[in-house]
Amino acid sequence: RVRLDRASPGAAAMQKLVNVMGTARAGELTEQVLRQIGLQELRTPDDRLRFGQALIKRGGLLESVGRSIKMQAILHGAREE
C-alpha cells in the first residue's frame with residue numbers, strides 16, 4: 001500500500017493526486033501506475049518523470065496532473081529520453 005510520506009522524494013507528486021482525487025483513490029492509482037512502469041516508489045526526478053508520463057497517457061484530468069508532475073520532475077533534473 002502506498003502511503004503519503006511528506007519527506008519522501010515522491011511526496012509532491014502524490015500530493016497533487018490527493019488534492020484532485022482524495023487519499024484513497026490517489027493511493028490506488030499510484031499503486032497501479034507504479035506497477036505499470038515497474039517501480040516500487042518514486043525516488044528520483046527520473047522516476048517522477050516516468051510517473052507523470054504514465055498519467056498523461058491516461059488522459060483527462062490525470063493528463064493535467066501528469067503534466068504538472070512531469071514539469072516538476074524536469075525542474076528537479078529529470079531528463080527526457
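If you read the sequence from its start, that first residue is 1, and numbering goes on from there.
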Check: residues 54-67 side-chain donor-acceptor pairs under 3.5 Å, at least two apart:
residue	atom	partner	partner atom	Å
R58	NH2	Q36	OE1	3.2
E63	OE2	R67	NE	3.4
E63	OE2	R67	NH2	2.9

Check your understanding: When hydrophobic residues are tied together by side-chain contacts of less than 4.5 Å, even through go-betweens, does V20 share a cluster with L34?
Key ->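 Result: yes, single cluster for both.
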
Practice item. State plainly whether one hydrophobic cluster holds both L17 and I37, where clusters connect Ile, Leu, Val, Met, Phe, Trp and Tyr through side-chain heavy atoms under 4.5 angstrom apart. Key: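 Looking at the clustering, I37 is in the same group as L17.
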
Point to revise | Pairing residues for R35 by the side chain to side chain contact (heavy atoms under 4.5 Å, CB included) criterion, not counting sequence neighbours | key: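 Side chain to side chain contact (heavy atoms under 4.5 Å, CB included) check on R35 returns E31, Q32.
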
Check your understanding: Taking all atoms of both residues into account, what is the closest heavy-atom pair of G77 and P45, and its distance?
Key ->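 Minimum heavy-atom contact is C-CB, 4.2 Å.
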
Exercise for review: Kindly give the heavy-atom pair with the smallest separation between M14 and T30, and that separation in Å.
Suggested key: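 Scanning both residues completely, I find the closest heavy atoms to be SD-OG1, 2.9 Å.
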
Practice item. If a pair satisfies salt bridge (Lys or Arg N to Asp or Glu O under 4.0 Å) and one of its residues is in residues 14-26, list it, with sequence neighbours excluded. Key: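 Residue pairs passing salt bridge (Lys or Arg N to Asp or Glu O under 4.0 Å), neighbours aside: R25-E28.
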
Practice item. State the CG-CZ distance between L42 and R50, to the nearest 0.5 angstrom. Key: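 Answer rounded to 0.5 Å: 10.0 Å.
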
Point to revise | Distance in Å, I69 CD1 paired with I74 CD1, rounded so as to fall on 0.5 Å steps | key: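 So the gap between those two atoms works out to 12.5 Å.
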
Review point. So, does R48 use its side chain to make a donor-acceptor pair with the main chain of A13 at under 3.5 Å?
Key: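 It does not hold such a pair.
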
Check your understanding: Can you pull the side-chain hydrogen bond (donor to acceptor under 3.5 Å, both in side chains) pairs that have at least one residue in residues 69-78, sequence neighbours excluded?
Key ->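 Applying side-chain hydrogen bond (donor to acceptor under 3.5 Å, both in side chains) to every pair that reaches into residues 69-78, excluding sequence neighbours, yields K70-E80.
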
Practice item. Measure the shortest side-chain to side-chain distance between V33 and L39 over non-hydrogen atoms and say whether it is less than 4.5 angstrom. Key: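 Sidechains of L39 and V33: no contact.
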
